[in-house]
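First comes the structure, then the notes that go with it.
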Amino acid sequence: LRELAERYDASISSNTYNRIAPTMLDYGAWLSSHKEARDASISYWDKKLSEGSCKTNLPASSHPGKASLNLEKPINLPYLATCALKDVASDLDVTLPPVLFAAYLVWLWRISGQNNLTVAYPYAGRDLLNSERVFGMFVQMGFLRIDIDPDEQFKSLIKRVAKQMIEDRDHLIASPYDAEISSVGAPNILFSLQSGIGLEGTHGTVKFKAHEHHSQASKADIAAILYENSSGELQGRIEYDSAVMEEAEIEPLIECFNHLLPSLTKCTKRAISDLPYLAPKQASQLIEFSGGLDKFCKDNTTLISSLRQVVADRPEEIAIESNHQQISYAQLDQITNKLAKRIVFEGEPDSEQLVALSGTKSSSLVMAIIAILKAGCAYVPIDPNYPPERIEYILKDANIQLILADADANSVINKISDQQVRLIDPQQVLGEEVDLGTTDFQGLNDVEPRSLAYVIYTSGSTGKPKGVMVEHRT
């Protein structure tokens, strides 16, 4: 804008504009003379992105036939709440971007259930000497990859994010796209806190105002674009790809983010799993859906007994709706009986035996969970996008003998594990003709409220992953 104004002044005064600032050609020459630094940066990104997919699995039903249109929902944080977040940054000796980035990460963790997250973020690249006067694009895209430990304090995550952003900045002479990322793919999540952008101002007697053009094409499945306005308020938007998520799917998630962001200023010492994700209205809806607070707090029931009661009371009501497919409670009961019988025949499990569960989010995954519990077992969720070492460690540590996995997860596990384990694809079983007989699994490996329901492994950011055992009553 400064150069544009100077050129304008020169034109109206009939003077020749003499450029004295460096150009992009000068930057290209500088870049060519720093080949070793560029090669070191590429090695940095190769190492950082060598393990696991960069994709985040979102709680959404894709719509392949729908046009990929970029839609958005506004984010507005009042002045005092923005100041409170800045105070958090000051207390932790970091800047505001890591605080907001960490808030975005825990929100993503909560809505996706994915512990390992990779998020792309733009870096202005204007810290080179004299680069502020160069007309051109210096922006590089960094990839922040981080493990979320539910037991970690939020302030600790902020510090880890700040540390990684500093390390990334030192290696952004080359971007991750210059590295070999074909095996892990590019992130489908984006974060951007824009600063130093004056959308309006004056030069001499001339006033100018820039208008931001709304992007029609999606930059990512979900993108947070934030900036601080002239009044000191944090504003922005959550953009989303309409071919991936519908408005009805994204709205409650953004309601969570809008509630979480200002609440974090008083929660920096709380564990990530204990942060206030639900807005009061959403918490009330959850309790109401559960049948009221008294029923919600009872610890003398199990998921299977609750499901059996619902099947008896409302057999024709819709239990699962996914990808335009509806499944009633009666159908869900029959289907999961079929899969549970296969688990019993295939694995001959003992009560509370651990069965691994891996696959993409789908109705089949929900059915597999219920079937495992009906068989009297407990499940161990394993994300197929985990690093191979983590998957192998969990399989060995939990002494897994039986795995329910879809085709893609089957392929991943077969390449990783050298253990002798049985693999069952729920989709194949559901397509088979299996004689259910009269078994309804009420007397098989009786499940009690204090029976083990599942084991969830921590991220292992402070050592080896640890299995957390969760009972049915919780």
Side-chain angles (χ1 to χ4, degrees), residues 57 59 106 109-116 147-153 270-278 283 286-287 289-291 293-310 332 336 339-340 343 347 349-359 361 364-384 386 390-391 393-405 409 426 441 444-474:
N57 293 316
V106 296
W109 166 77
R110 190 65 185 85
I111 67 174
S112 69
Q114 190 168 313
N115 290 68
N116 184 275
D147 287 327
I148 302 294
D149 181 353
D151 297 325
E152 181 183 19
Q153 288 186 340
R270 286 168 67 170
I272 290 171
S273 60
D274 197 32
L275 294 175
Y277 296 99
L278 291 180
L286 179 61
I287 293 173
F289 178 79
S290 305
L293 190 58
D294 292 339
K295 183 177 179 181
F296 186 67
C297 295
K298 285 183 179 180
D299 62 356
N300 60 350
T301 188
T302 68
L303 175 64
I304 301 308
S305 60
S306 297
L307 176 63
R308 189 176 294 127
Q309 186 62 50
V310 174
L332 178 64
T336 52
L339 186 54
I343 294 171
D350 298 323
S351 179
E352 296 186 324
Q353 181 172 318
L354 298 181
V355 175
L357 178 63
S358 186
K361 291 182 174 67
S364 296
L365 199 65
V366 176
M367 296 175 196
I369 291 173
I370 296 172
I372 291 171
L373 298 177
K374 277 189 172 184
C377 302
Y379 67 93
V380 181
I382 298 177
D383 190 329
Y386 281 158
R390 177 177 171 84
I391 295 178
Y393 173 83
I394 293 174
L395 292 176
K396 289 182 179 178
D397 186 69
N399 191 26
I400 298 297
Q401 304 297 319
L402 181 65
I403 302 175
L404 267 64
F441 298 96
L444 178 67
N445 291 335
D446 283 340
V447 177
E448 299 178 352
R450 291 184 178 274
S451 296
L452 187 62
Y454 67 93
V455 175
I456 185 76
Y457 275 79
T458 61
S459 68
S461 58
T462 57
K464 290 185 177 179
K466 299 176 182 64
V468 179
M469 297 184 291
V470 182
E471 299 174 346
H472 275 261
R473 65 193 182 100
T474 58

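Only a predicted model underlies this, so the values are computations on that prediction, with no experimental measurement involved.
Side-chain contact check for I400 versus L354: some heavy-atom pair is nearer than 4.5 Å. The shortest distance between side-chain heavy atoms of L357 and L365 falls below 4.5 Å. Taking 4.5 Å as the limit, every side-chain heavy atom of L373 sits out of range of all side-chain heavy atoms of Y454. Contact check for I391 versus P384: no side-chain heavy atoms found under the 4.5 Å cut-off. Side-chain contact check for V380 versus Y457: some heavy-atom pair is nearer than 4.5 Å.
Counting all heavy atoms, side chain and backbone alike, W109 lies closest to Q114 at CD1-O, 3.4 Å. Of all non-hydrogen atoms in E471 and P449, the two that sit nearest each other are CB-O, 3.9 Å. Across all their heavy atoms, A371 and T336 have their closest contact at CB-O, 3.6 Å. Scanning all heavy atoms of the two residues, the minimum distance from D151 to A271 falls at O-CB, 3.9 Å. The two atoms that bring D149 and I272 nearest to each other are O-CD1, 3.6 Å, heavy atoms only.
A donor-acceptor pair is defined here as one N or O able to donate and one able to accept, closer than 3.5 Å; such a pair exists between the side chain of N115 and the backbone of I148. Using a distance-only test at 3.5 Å, with no hydrogens or angles considered, no donor-acceptor pair links the side chain of Y379 to the main chain of I372. A donor-acceptor pair under 3.5 Å links the side-chain atoms of S358 to the main chain of I382, judged by distance alone.
Here the OG1 atom belonging to T302 is positioned 7.0 Å from the CZ atom belonging to R308, to the nearest 0.5 angstrom. Annotation: the span from Q353 atom CD to L452 atom CG amounts to 11.5 Å, rounded to 0.5 Å. The distance from the CG atom of L278 to the CZ atom of R110 is 6.5 Å, given to the nearest 0.5 Å. Atom NZ of residue K361 and atom CG of residue D383 lie 7.0 Å apart, to the nearest 0.5 angstrom.
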